[in-house]
Asks: 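After the structure tokens below, expect a handful of questions from me.
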Amino acid sequence: QVQLVESGGGLVEAGGSLRLSCATSGRTFSSAAMGWFRQAPGKDREFVARITWSSGITFYADSVKGRFTISRDNAKKTVYLQMNSLKPEDTAVYYCASTRGITIQQSQYNYWGQGTQVTVSS
């Protein structure tokens, strides 16, 4: 089992910044990569960003490219999502998730956190 706990969400004005954290514990050696996903009200959950544990290779959704940065601290087993230039359309519940593969497909992520709310006011 892998446990994931997100933190760092909140309310911010448009143009502001937030940093989300995802602390992992348990059988983390089974995880090859971590992803951030988000779900806005009335919409499907969507991919945001992904990073591999070993090499730190990243991949982003076009909607956040250039504004969001995913990073990891292997010693702390923690993944971060730095979100800058936030827009009202970034409002969503943000989830971190763990996968054994290198993928952005949600179905391939086998462990999920509880989510943290991000609200961007206009």
Asks: Between Ala49 and Tyr60, what is the shortest heavy-atom contact and its length?
Replies: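 Closest heavy-atom pair between Ala49 and Tyr60: CB-CD2, 3.6 Å.
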
Asks: Look at atom NZ of Lys43 and say whether more than 12 heavy atoms of other residues, nucleotides or ligands are closer to it than 6.0 Å.
Replies: no

Asks: Does any non-hydrogen side-chain atom of Thr69 lie less than 4.5 Å from one of Leu81?
Replies: no

Asks: Do you know the tightest heavy-atom contact between Asn84 and Ser17?
Replies: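 Heavy-atom minimum between the residues: OD1-OG, 2.9 Å.
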
Asks: With sequence neighbours excluded, what pairs up with Phe37 under the ring pair (Phe, Tyr, Trp, His ring centres under 6.0 Å) test?
Replies: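 By the ring pair (Phe, Tyr, Trp, His ring centres under 6.0 Å) rule, Phe37 matches Phe47, Tyr109, Trp112.
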
Asks: For Arg27, give me all partners under salt bridge (Lys or Arg N to Asp or Glu O under 4.0 Å), at least two apart in sequence or on another chain.
Replies: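 Arg27 satisfies salt bridge (Lys or Arg N to Asp or Glu O under 4.0 Å) with no other residue.
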
Asks: Looking at every heavy atom in both Trp53 and Ser31, which two are closest together, and how far apart are they?
Replies: NE1-OG, 3.0 Å

Asks: With a cut-off of 6.0 Å (strictly less than), are more than 12 heavy atoms of other residues, nucleotides or ligands near CD of Gln114?
Replies: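 More than 12 within 6.0 Å, yes.
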
Asks: If hydrophobic clusters are built by linking Ile, Leu, Val, Met, Phe, Trp and Tyr wherever their side-chain heavy atoms come under 4.5 Å apart, do Tyr80 and Met83 end up in the same one?
Replies: no

Asks: Between Cys22 and Tyr95, is any pair of side-chain heavy atoms under 4.5 Å apart?
Replies: no

Asks: side-chain hydrogen bond (donor to acceptor under 3.5 Å, both in side chains) with Asn74: which of Lys76, Arg72, Lys77?
Replies: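 Only one option passes, and that is Arg72.
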
Asks: For a side chain to side chain contact (heavy atoms under 4.5 Å, CB included) with Ser98, tell me which candidate from Val79, Leu4, Thr24 qualifies.
Replies: Leu4

Asks: Give the intermediate values and the outcome of side-chain hydrogen bond (donor to acceptor under 3.5 Å, both in side chains) for residues Thr78 and Asp73.
Replies: CA-CA 5 Å; Thr78 299; Asp73 184 327; over 6 Å; no

Asks: First locate atom CE of Met34, then atom SG of Cys96, and finally report the distance between them rounded to the nearest 0.5 Å.
Replies: 4.5 Å

Asks: What's the shortest heavy-atom distance between Arg67 and Ser85, and which atoms?
Replies: NH1-O, 3.0 Å

Asks: Treating Thr119 as the side-chain partner and Leu11 as the backbone partner, does any N or O pair qualify as donor plus acceptor under 3.5 Å?
Replies: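 No, Thr119 side chain to Leu11 backbone: no donor-acceptor pair under 3.5 Å.
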
Asks: Do the charged groups of Lys65 and Asp62 touch, with an N to O distance under 4.0 Å?
Replies: yes

Asks: Taking all heavy atoms of Ala40 and all of Thr91, pick out the closest pair and write down the distance.
Replies: CB-O, 3.6 Å

Asks: Evaluate the side-chain proximity of Phe68 to Val48: yes if any heavy-atom separation is below 4.5 Å, no if none is.
Replies: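 Yes - at least one pair of side-chain heavy atoms lies under 4.5 Å apart.
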
Asks: Quick check on the hydrophobic clustering: are Val12 and Tyr94 connected, directly or via other members, by side-chain heavy-atom contacts under 4.5 Å?
Replies: yes

Asks: With distance as the sole test, does Gln39 use its side chain to make a donor-acceptor pair with the main-chain N or O of Val93 at under 3.5 Å?
Replies: no

Asks: Considering non-hydrogen atoms only, spot the tightest contact between Ile102 and Ala33 and give its length.
Replies: CD1-CB, 4.2 Å

Asks: Quick one: salt bridge (Lys or Arg N to Asp or Glu O under 4.0 Å) pairs with a partner in residues 45-59, sequence neighbours left out?
Replies: Arg38-Glu46

Asks: Going by heavy atoms in the side chains, are Ile57 and Ile51 under 4.5 Å from each other?
Replies: no

